Number of protein chains: 2
Amino acid sequence: MERKATSRRRGEALEQAILDAVWDEFREVGFSKLTMEGVAKRAGTSKPVLYRRWSSPVELMIACAASRVPKAESVPDTGTLRGDTIALLTLAHERMRIVGQTAMLSMLAQVSVDPEARKVLIEGIVNNLSKALSGTVYARAIARGELAEEHLTERLARLPIDLMRNEFILFGHVDAGAIEEMLDQVILPALRARGATV
Amino acid sequence: MERKATSRRRGEALEQAILDAVWDEFREVGFSKLTMEGVAKRAGTSKPVLYRRWSSPVELMIACAASRVPKAESVPDTGTLRGDTIALLTLAHERMRIVGQTAMLSMLAQVSVDPEARKVLIEGIVNNLSKALSGTVYARAIARGELAEEHLTERLARLPIDLMRNEFILFGHVDAGAIEEMLDQVILPALRARGATV
DNA sequence: ATCCGCAAGATACGGTCCGTATCTTGATTG
DNA sequence: CAATCAAGATACGGACCGTATCTTGCGGAT
């Protein structure tokens with residue numbers, strides 16, 4: 001968009017305006033046609049300003065996505081492992097929807113050829129989400145006696161997010177029915193098979 | 001690469017030469033730098049020849065990947081559900097490795113904005129693989145009495161491939177340890193929790 | 001209040017690749 | 001051997017790349 005003739009944005013305000021422009025541009029033309037030139041134009045700035053901060057459309061997209069995902073959230077305590085896990089999956093789904101299927105896949109594709117970006121994304125987002133959210137839920141379940149701590153492996157902790165991610169990546173959306181299927185047919189059986197008391 | 005001065009390829013031979021060139025080019029420069037121009041040059045042909053068949057690098061990549069994945073294979077009968085499932089996961093992993101992490105993600109990203117291509121990929125490859133492979137394995141397990149047919153849902157049938165795909169997409173490789181984890185901590189518990197006899 | 005430094009913003013550049021049109025030439029068919 | 005059709009070569013305008021250069025406004029320091 002065009003801007004006021006006299007008003008030069010700087011720092012945080014400028015950066016946020018650019019990331020907003022990235023999002024608008026992305027929704028309008030899609031990721032494959034997301035260009036530095038187009039974003040600059042829409043943000044009312046110029047390419048050099050973008051290149052001083054990000055070196056490619058993918059980096060822009062990642063920064064944009066990161067800026068839109070809420071920093072930290074906790075899973076509400078519903079009183080049961082099943083309820084908490086539904087809440088966890090729903091929350092994870094919300095976060096993924098914010099980013100969007102295409103953006104997520106584009107970022108993953110980029111990351112698959114960029115070991116540096118991979119660490120940021122995998123450890124910073126994937127593990128962050130898995131551990132922070134699942135950690136809370138499972139800690140409560142263990143405290144309640146619904147789960148045996150010694151059988152809670154890394155893989156089981158990752159499982160809910162893994163299933164959700166897979167579903168989201170394939171289909172772009174995950175309805176409540178799918179969540180219940182994952183929960184009742186896979187997650188809870190797997191958790192309980194390893195020494196749970198309930 | 002350059003070719004004989006006098007020898008004009010046509011039809012199948014030409015097509016295969018192009019797809020081979022796509023693969024070489026992809027491995028050398030990566031998908032993000034895979035251009036029609038580069039492929040044409042490497043295949044010793046010209047852009048119009050490519051555009052007559054495929055309309056973009058992504059379509060080229062999909063065609064290339066499809067040409068490299070073996071048409072149909074069956075999972076060997078190892079005598080047990082566990083052994084068969086390991087074989088199934090290993091086979092799925094082999095197929096994914098043929099395509100490669102980056103190519104797979106790039107195709108999924110493309111498919112996420114192209115409903116037409118989505119049907120081809122999801123139904124033709126994902127479901128194909130899931131149902132063909134899992135179908136065989138589970139049918140044998142049911143015949144052996146290791147599994148109760150009435151509890152084998154769509155989602156449980158998809159589960160092994162889903163887990164494998166998720167792992168492959170995130171990390172680009174899946175070692176034997178990961179396969180055993182998925183199997184013993186998730187797949188088998190989920191299957192057995194739903195009325196299995198063993 | 002004034003000056004200075006710094007980054008925003010504008011502009012321009014060569015370069016690559018896009019997607020298409022046109023033309024020639026080799027191979028295939030009958 | 002003639003007719004046909006696609007391979008292959010070439011050229012084109014256009015979009016976007018990534019960078020260099022220049023100015024101009026903003027903000028902090030004296």
Side-chain angles (χ1 to χ4, degrees), chain A residues 1-22 24-26 28-64 106 109-110 113-114 116-117, chain B residues 1-22 24-64 102 106 109-110 113-114 116-117:
Chain A
M1 306 295 178
E2 71 295 333
R3 295 183 16 260
K4 286 284 188 296
T6 175
S7 155
R8 177 170 288 182
R9 300 159 299 180
R10 305 175 71 93
E12 192 56 41
L14 174 60
E15 200 141 320
Q16 194 53 54
I18 292 172
L19 294 181
D20 289 347
V22 171
D24 292 342
E25 192 77 1
F26 167 67
E28 193 161 308
V29 305
F31 178 77
S32 66
K33 292 180 180 172
L34 188 77
T35 68
M36 299 298 250
E37 213 145 296
V39 170
K41 189 174 174 184
R42 185 186 285 266
T45 182
S46 62
K47 286 193 292 173
V49 175
L50 301 189
Y51 277 103
R52 272 172 211 136
R53 297 172 168 74
W54 307 280
S55 66
S56 68
V58 184
E59 285 202 14
L60 252 185
M61 192 72 236
I62 291 179
C64 171
S106 303
Q110 172 63 16
V113 293
D114 183 345
E116 196 54 35
Chain B
M1 303 301 174
E2 72 294 334
R3 296 183 13 260
K4 288 283 188 299
T6 175
S7 155
R8 177 170 288 182
R9 301 157 299 179
R10 303 175 74 93
E12 192 56 40
L14 174 61
E15 200 141 320
Q16 194 53 54
I18 293 172
L19 293 181
D20 288 347
V22 171
D24 291 342
E25 191 77 0
F26 166 66
R27 284 190 306 187
E28 193 161 309
V29 305
F31 178 78
S32 66
K33 292 181 180 172
L34 187 79
T35 67
M36 299 299 249
E37 213 147 299
V39 171
K41 189 174 173 185
R42 183 186 287 266
T45 181
S46 61
K47 286 193 291 173
V49 175
L50 302 190
Y51 277 103
R52 273 173 210 134
R53 297 171 168 74
W54 306 280
S55 66
S56 68
V58 184
E59 284 201 14
L60 251 185
M61 192 72 236
I62 290 179
C64 171
T102 306
S106 302
Q110 172 63 15
V113 294
D114 184 345
E116 196 54 36

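Letters A, B, ... are given to chains in the order of the sequence lines, protein chains preceding strands, and every chain is numbered from 1. The structure presented is a predicted model; accordingly, all values stated were derived computationally and were not measured.
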Side chains of F31(A) and V58(A) in contact at under 4.5 Å (non-hydrogen atoms): yes
Any side-chain heavy-atom pair of E25(B) and L60(B) under 4.5 Å: no
Under-4.0 Å side-chain N/O to phosphate OP1/OP2 contact, T45(A) with dG9(C): yes
R53(A) side chain near dA8(C) phosphate (N/O to OP1/OP2, under 4.0 Å): yes
To the nearest angstrom, how far is [X] atom [atom1] from [N] atom [atom2]?
X: E37(A); N: dC17(C); atom1: CD; atom2: P; answer: 17 Å
X: K33(A); N: dC16(D); atom1: NZ; atom2: P; answer: 10 Å
X: K41(B); N: dA7(D); atom1: NZ; atom2: P; answer: 22 Å
X: R42(A); N: dC16(D); atom1: CZ; atom2: P; answer: 13 Å

S106(A) side, atom OG; I62(A) side, atom CD1 - distance, nearest 0.5 Å: 9.5 Å
5' priority, DNA chain C, between S46(A) and P48(B) [closest heavy atom]: S46(A)
Distance-minimising heavy-atom pair for V39(A) and L34(A): CG2-CD1, 4.0 Å
Of the options [options], whose atoms approach the side-chain atoms of [X] most closely?
X: V49(B); options: dG8(D), dA8(C), dT20(C); value: dG8(D)
X: M36(B); options: dG18(D), dA8(C), dC18(C); value: dC18(C)
X: R52(B); options: dA8(C), dG19(C), dA7(D); value: dA7(D)

